[in-house]
Protein chains: 2
Amino acid sequence: MHPSDNETSIRQASLEDLVTGPVDGLILEERLGYALRRAQLKVFKHFDEAMREHNIRPAQFSSLVVIEGYPGVTQSSLAQTLAIDPPRVVNLVNSLEERGLAMRVRCKRDRRSHGIFLTKQGEALVDKLKELSSQSDLAATQALSEIERRQLLMLLRKIYAPAHGEG
Amino acid sequence: MHPSDNETSIRQASLEDLVTGPVDGLILEERLGYALRRAQLKVFKHFDEAMREHNIRPAQFSSLVVIEGYPGVTQSSLAQTLAIDPPRVVNLVNSLEERGLAMRVRCKRDRRSHGIFLTKQGEALVDKLKELSSQSDLAATQALSEIERRQLLMLLRKIYAPAHGEG
DNA sequence: TATTGTTATACTCTATAACTATA
DNA sequence: TATAGTTATAGAGTATAACAATA
C-alpha cells in the first residue's frame, strides 16, 4: 500500500496543520459501547481508589457481597452469578481464602461441591467495603441527581437482565 | 486459619444443602460498577458478533471513526480521545496500516508528529462498520425504547464528560 | 528541556482445553 | 457418562519505564 494509491483520501492542507488536541466531540458519543466503556472507566477508577487501602479488586468485592448474601454458595454458582468462568473463580476464592476472608467447606452430600463462607474477618470487611463502594459510586456520578442515578441503574439492568428489568 | 476459628460464620444447615443455582437477585444490582460491567459485557458481545466478519476490535472501530471525523489526527490526540495510552495507539495504528485501512503521514511542520488518514479502503469499510455497529447497539438494547436508549447515552455522557453533559 | 512516537516489559483480565475426583 | 473443581496455557487489554528523534 503506497501513499500515492490513496491520495484522494488525504486533504493536503492537513499535512501541515494536523489535529493535535482532544477531538472528543460528537463523533463517538452515539456509540453505546464507547459510552459504556468511558463511564465504566471512570466508575472503576473511583472504585480502585476507594479500595486501594484494602487491596480489593472489583471481582473480589463482588464475590464477597454474593457470599455474604448467600452463605454456602458453590463456586459454579458464583461463576454464573458474576458471569465469569469457573477457572477464574478458583483464583478468586484462593485469594480470599489466603487472606482469611472466606473459606471453602466441602459439601457432605455431594463431595464434589464446595460451599463458600465468609470468615468473621470477611464479614467485618465486606460491611466496610459496601459503604466505601456506595460512597465511591456517588463520587463517580456527582453530575447525576439521585433520580438519574436510579434511572441509570434501571436502564442498565434492563439491558443485561431484560426479564427482570421489564416488569 | 482453621475452620474451627470461624464456626460462628457458618450456618451448619447449609453444609448439606448448598446454594447451587444462580443467585443473581438484588444483592449486587445496586452497585454501579457491577451494572455497568454486565451491560457492557452484553453490548460488547453483540458488537463482537457484528464485527467478526471484518475482524475488527472495539478500539480499532473507535479509531477508524475518529480518523474519519478528523483526518490528520495525531497519535497523541487519538490516545487522548480514546482514553488509552500512547503505546497502545502504536499497535492500533500499526494494525490499521498493515491492513491498508489507514496510514501515517509525517507532518511537514513538526516532524515528530504523524497525521493519520484513512485509505479509500478504510473509508469504505468504516461506513459499513458504523451501520453494523448501530444495528448491534439496537440488538443489544432491544429491551429499551428509543427514548430510554437516548436517556441512557445522556446519563453515561454525564458521568464521563460532566462538563458537556450537564448543559 | 519538553514532546512525539516507539520499544520492551509486565501485570491483569479473560477464554479454552485438559485433567481429577466424585457422582 | 456427567458434573464440580482444578491446572495449565495463551491471548487480549492495560500500564509503566526507558529510549530515539525532533523541537
Side-chain angles (χ1 to χ4, degrees), chain A residues 16 18-22 33-34 36-38 40-42 44-45 47-48 51-52 55-63 72-97 102-116, chain B residues 16 18-22 33-34 36-38 40-42 44-45 47-48 51-52 55-63 72-97 102-116:
Chain A
E16 298 198 357
L18 299 181
V19 181
T20 55
Y34 177 80
L36 281 168
R37 177 178 170 274
R38 290 298 298 264
Q40 194 188 11
L41 227 54
K42 178 158 183 177
F44 270 52
K45 189 161 162 277
F47 181 88
D48 277 350
M51 298 292 159
R52 186 176 302 154
N55 194 27
I56 288 286
R57 305 295 311 151
Q60 289 175 322
F61 171 72
S62 296
S63 300
V73 65
T74 62
Q75 295 184 202
S76 54
S77 175
L78 189 59
Q80 268 189 277
T81 302
L82 301 180
I84 62 183
D85 300 291
R88 270 193 75 191
V89 177
V90 175
N91 289 330
L92 215 41
V93 176
N94 282 348
S95 72
L96 298 178
E97 215 167 33
M103 52 184 195
R104 295 174 170 90
V105 177
R106 182 164 274 219
C107 179
K108 292 172 181 170
R109 285 198 185 166
D110 183 342
R111 288 171 45 76
R112 293 173 303 182
S113 297
H114 296 97
I116 317 173
Chain B
E16 299 196 357
L18 299 181
V19 181
T20 55
Y34 176 80
L36 280 170
R37 177 179 171 274
R38 291 298 299 264
Q40 195 188 10
L41 226 56
K42 177 157 184 178
F44 270 52
K45 190 160 161 278
F47 181 87
D48 278 349
M51 297 293 157
R52 186 175 301 153
N55 194 29
I56 288 286
R57 304 297 310 151
Q60 291 175 322
F61 171 72
S62 296
S63 299
V73 64
T74 63
Q75 294 184 202
S76 55
S77 174
L78 189 58
Q80 266 189 279
T81 302
L82 301 180
I84 62 182
D85 300 292
R88 270 193 74 194
V89 177
V90 175
N91 289 329
L92 215 42
V93 176
N94 283 348
S95 72
L96 298 179
E97 217 169 31
M103 52 183 194
R104 296 173 170 91
V105 177
R106 184 165 273 218
C107 179
K108 292 173 183 171
R109 284 198 186 168
D110 184 343
R111 288 170 46 76
R112 293 173 304 183
S113 298
H114 296 97
I116 318 174

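In what follows, chains are A, B, ... by sequence order, proteins preceding strands, each numbered from 1.
- DNA chain C is contacted by both A83(A) and S76(B); S76(B) maps to the nucleotide lying nearer its 5′ end (nearest heavy atom per residue).
- Checking dG5(C), dG5(D), dT6(D) against every side-chain atom of T74(A), the shortest atom distance belongs to dG5(D).
- dT3(C) atom P lies 12 Å from atom CG of D110(B), rounded to whole Å.
- Here CG of N91(B) is found 11.0 Å from CG of L96(B). Values are rounded to the nearest 0.5 Å.
- The CZ-C1' distance, from R109(A) to dA21(C), rounds to 20 Å in whole Å.
- Scanning atom types as modelled, no donor and acceptor separated by under 3.5 angstrom connect the side chain of R111(B) and the base of dT22(D).
- When the nucleotides dT3(D), dT16(D), dG5(D) are ranked by their closest atom to the side chain of R112(A), dT3(D) comes out on top.
- Side-chain N or O atoms of E97(B) include one that pairs as donor or acceptor with a backbone N or O of R104(B) at under 3.5 Å.
- OP1 and OP2 of dA4(D) both lie 4.0 Å or more from every side-chain N or O belonging to R104(A).
- For the pair V93(B)/S63(B), no side-chain contact is recorded, criterion being any heavy-atom separation below 4.5 Å from C-beta on.
- Along DNA chain C, the nucleotide nearest to H114(B) and the one nearest to D85(A) differ in position, and the one closer to the 5' end is contacted by H114(B).
- Here the P atom of nucleotide dT9(D) and the CG atom of N91(A) are 14 Å apart, to the nearest Å.
- Mapping P87(B) and V90(A) onto DNA chain D by nearest heavy atom places V90(A) closer to the 5' end of the strand.
- With rounding to whole Å, I56(A) atom CD1 is found 16 Å from dT12(C) atom C1'.
- One can place CZ of R37(B) at 16 Å from P of dG13(D), the figure rounded to the nearest angstrom.
- Here the side chain of R57(A) is nearest to one of dT6(D), dG13(D), dC13(C), namely dC13(C).
- At a threshold of 4.5 Å between non-hydrogen side-chain atoms, the residues R37(A) and P58(B) do not count as touching.
- Between I84(B) atom CD1 and dT4(C) atom P there is a gap of 16 Å when expressed in whole angstrom units.
- With sequence neighbours excluded, the residues satisfying side chain to side chain contact (heavy atoms under 4.5 Å, CB included) with S113(A) are T74(A), C107(A), D110(A), L18(B).
- The NZ atom of K108(A) sits 17 Å away from the P atom of dT22(C) (whole-angstrom rounding).
- Distance F44(A) CZ to dG13(D) P: 17 Å, rounded to the nearest Å.
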